[in-house]
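Step one of this worksheet: look at the structure below.
Numbering of residues begins at 1 and proceeds along the displayed sequence.
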Amino acid sequence: MTQPQHLPGAPEFRIRLPKDGGRAHGHLLVEFGGNGTHKFLLHEGSSVAAEAWPGLSRHARQSRAELRASGALADAPATHGPAGAPPRWVTTRDITCNSSSAAAGLVYGYDASGPESWRTAEGHPLADYLSTGWRAPRKAWLVRGSNVSGHNLVRQLWLEEGFVSLSGAHLPPLDESEPTKSALRRFVEDGYEGAASYNQKRGLVDELHGFLTQMREGDTVATISEGQLYLGRIDGHAVQTASPGGLSNLRRAASWRPGGLAYEELPEAVQQKLSVQHDIVDLTGVLDTLDALTGPVGPAESGASDLSASVEMKELVLPEVTDVLADKLLVHDRAWLDEVRELLADERQMVLYGPPGTGKTYLAMKLAEHFGGGPEQVKIVQFHPSYAYEDFFEGFRPVEDPETREAAFRLTAGPLRELADLASREGNAHIPHFLIIDEMNRANLAKVFGELYFLLEYRERSVRLTYSGDDFGLPPNLFVIGTVNTADRSIALMDAAMRRRFAFVELSPRTEPTAGLLARWLEREGKDDEPARLLDALNALIDDPEFSIGPSYLMKPGVYRDGGLGRTWRTKILPLLEEHHYGEGLDVAARYGLDTLRARLP
């Protein structure tokens, strides 16, 4: 019988089962399976999970049953594995599977991605050894060329001679037109030994793979030179050619649009993508924006077909303040709401600060829902002293695998990353999204925000993230509203760096729109105005504005039942003032009690 032929250049791949349940190993085969991918040979002696999980497909279950019945899957010897390990089988012969995913499902007992599950001894995924599969019909790429070993290739070569290039001075002659990432990794490891660090080599492999394999004819190409963005279209396959010093020996023909666009005038989303510090950057996420910038380029202008079609882009605009919103919030001065809208549009970060009971959180939520178009675009978090970057943005957390029930640490997105990903999703660029941070000053802000401090001020830039290593920028349509309780003096004041990044808006019973709010609410509800007059008298007696009492304590139904006002005053308001005057020996009830205040009313 003819032995299956291993795919040339592909090493042995492995899967390690959980709880030291053994290891499976195998090879990619030259032959293709029914789904158009390479078949996979699972080697004799591989460990296989005996239990099939609910997520396993019917076809995979049938295949496991047939292999078990034929003796190809036998019980693993009792001496194998630690006590308490899940039951498993072992393969008694080589098994040819229709694909690497079919082999992974056989080994795990649940459906799994073969290209990601199977790994080399060094930890590289099987996907690196496969030819490029499906990709978007048209993509966009940034290729840097203004400083290649001190030479500005954009001005000297690209625009005049009609191509785009990448340096590959230490690469051997490439036989494949679209090499796999694994082949490029071998070439880089051999050719750049001693000439580049491990991190430089890893980045170079990704850039070469993007330029040689991912990039295609018809894709949009962009480059930056002397503060100008130039746009064009890829017109040819990648070729390897001689060039002085190997500075441009990997080339693709390109049709460049005449003239450039001033970098400073580009949309913020484009600037953010262009700030990623790699020689090859995938710009497909802003392809529609690039199309809108260039407009149609006719054959007479470019010598080729249209570079891109004109695309109508929806502009990011916060909805106008309405009378309905002002009435709902009982803000009688619409100019205040208009100013808040302008501050959000300009700064995109705002803090509502003031004493307790001034409605900071309620107002933040209602403003966010109005300007964001509904609660679906609003996420709220509350800071506390133990809150950290890993809780807020992303970090490794213990997560139970739904199939194996095993707990493992996995990179998990926090509320800010989730909202940022939603805001940056295709088609959402014109929709405002809001993150509300309640009790913002209760956390160690420098610890929580980390490198995001920078992004709050420089929205058009991106940074390399601590955990995932992604290049990340805050989407232009992501707004942040924080609330700060000024009476909470146990928490350190916000540092100057954070103050510079937020617009601060005061909510105080002494100033609009909070002043008079209770009276307006009582009038709308058809109630007597005595509680409003009592509250004003109370705040006139309090010597520290930061300990003023806000109206929300007296805007609840329970206050207006029999005895409710006295109960609320005794259990809600006086305890706050006891804390304020702690250690002073002051009779708080005598000074701030209802009888005292009623006597002061006109």
Side-chain angles (χ1 to χ4, degrees), residues 4 6-7 9-29 33 37-57 60-61 63-65 67-68 72-130 180-182 185-186 198 202 395-412 467-469:
H6 293 177
L7 183 68
E12 181 181 80
F13 296 98
R14 307 171 181 181
I15 283 179
R16 185 174 293 279
L17 292 172
K19 286 189 178 179
D20 197 20
R23 189 177 68 189
H25 48 103
H27 276 87
L28 280 170
L29 299 178
T37 63
H38 291 277
K39 289 187 176 182
F40 191 90
L41 186 68
L42 183 63
H43 288 321
E44 178 184 347
S46 293
S47 293
V48 173
E51 185 177 3
W53 294 89
L56 190 64
S57 68
R61 288 176 180 276
S63 176
R64 282 166 58 94
L67 290 169
R68 179 71 169 157
L73 294 176
D75 291 332
T79 56
H80 286 197
R88 65 183 189 275
W89 300 326
V90 63
T91 57
T92 59
R93 59 174 175 82
D94 289 349
I95 299 173
T96 300
C97 301
N98 194 53
S99 67
S100 62
S101 293
L106 173 60
V107 170
Y108 280 132
Y110 58 87
D111 289 340
S113 167
E116 291 300 321
S117 298
W118 292 101
R119 300 270 169 162
T120 66
E122 297 77 22
H124 300 308
L126 181 146
D128 288 0
Y129 297 80
L130 299 175
T180 63
K181 189 175 284 189
S182 64
R185 184 180 293 114
R186 292 197 307 272
Y198 76 93
R202 184 170 58 190
F396 286 95
R397 303 181 199 168
V399 177
E400 183 185 60
D401 190 305
E403 301 287 353
T404 66
R405 304 300 179 189
E406 292 287 329
F409 282 91
R410 294 184 181 174
L411 187 60
T412 306
Y467 287 99
S468 65

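Annotation: Trp118 is in aromatic contact with Phe40 [ring centroid separation under 6.0 Å].
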* Apply side chain to side chain contact (heavy atoms under 4.5 Å, CB included) to the pair Asp75 and Arg68, showing each step before the final yes or no. => CA-CA 9 Å; Asp75 291 332; Arg68 179 71 169 157; 2.7 Å; yes
* Asked: After noting the C-alpha distance and the side-chain angles of Leu130 and Thr37, does the key distance pass the side chain to side chain contact (heavy atoms under 4.5 Å, CB included) rule?
  -> CA-CA 9 Å; Leu130 299 175; Thr37 63; over 6 Å; no
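Distance check, rounded to the nearest 0.5 Å: CG of Leu56 to CG of Leu106 gives 9.0 Å. Atom NE2 of His25 and atom OG of Ser47 lie 8.0 Å apart (nearest 0.5 Å). In this structure, CG on Leu41 lies 5.0 Å from CG on Leu29, to the nearest 0.5 angstrom. To the nearest 0.5 Å, atom CG of residue Leu73 and atom CZ of residue Arg64 are 7.0 Å apart. Between the CZ atom of Arg186 and the NZ atom of Lys181 there is a distance of 14.5 Å, given to the nearest 0.5 Å. From Glu51, atom CD reaches atom CH2 of Trp89 across 10.0 Å, with rounding to the nearest 0.5 Å.
In terms of heavy-atom proximity, His27 sits nearest to Ala10 at CD2-O, 3.9 Å. For the pair His43 and Gly26, the tightest heavy-atom approach, listed with the atom from each and the gap, is CD2-CA, 3.4 Å. Here the shortest heavy-atom pairing between Ala74 and Thr92 reads CB-CG2, 3.7 Å.
The side-chain heavy atoms of Pro11 and Tyr129, taken from C-beta on, include a pair separated by under 4.5 Å. Between Val107 and Leu17, some side-chain heavy-atom pair lies under the 4.5 Å cut-off.
For residues 121-130, the set of pairs meeting the salt bridge (charged side-chain N to carboxylate O under 4.0 Å, His left out) definition, not counting sequence neighbours, comprises Asp128-Arg185.
Ring geometry, Tyr467 versus Phe396: the interplanar angle exceeds 60°, so the pair is classed perpendicular (tilted spans 30 to 60°).
The salt bridge (charged side-chain N to carboxylate O under 4.0 Å, His left out) search around Glu116 returns Arg119, not counting sequence neighbours.
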Identify every side-chain donor-acceptor pair in residues 95-105 under 3.5 Å, counting partners at least two apart or on other chains, and give the distances.
residue : atom : partner : partner atom : Å
Asn98   : OD1  : Gly34   : N            : 2.9
Ser99   : OG   : Ser101  : N            : 3.4
Ser99   : OG   : Ala102  : N            : 3.1
Ser101  : OG   : Gly114  : N            : 2.9

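In this structure a side-chain-to-backbone donor-acceptor pair under 3.5 Å is missing from Ser46 to Leu42.
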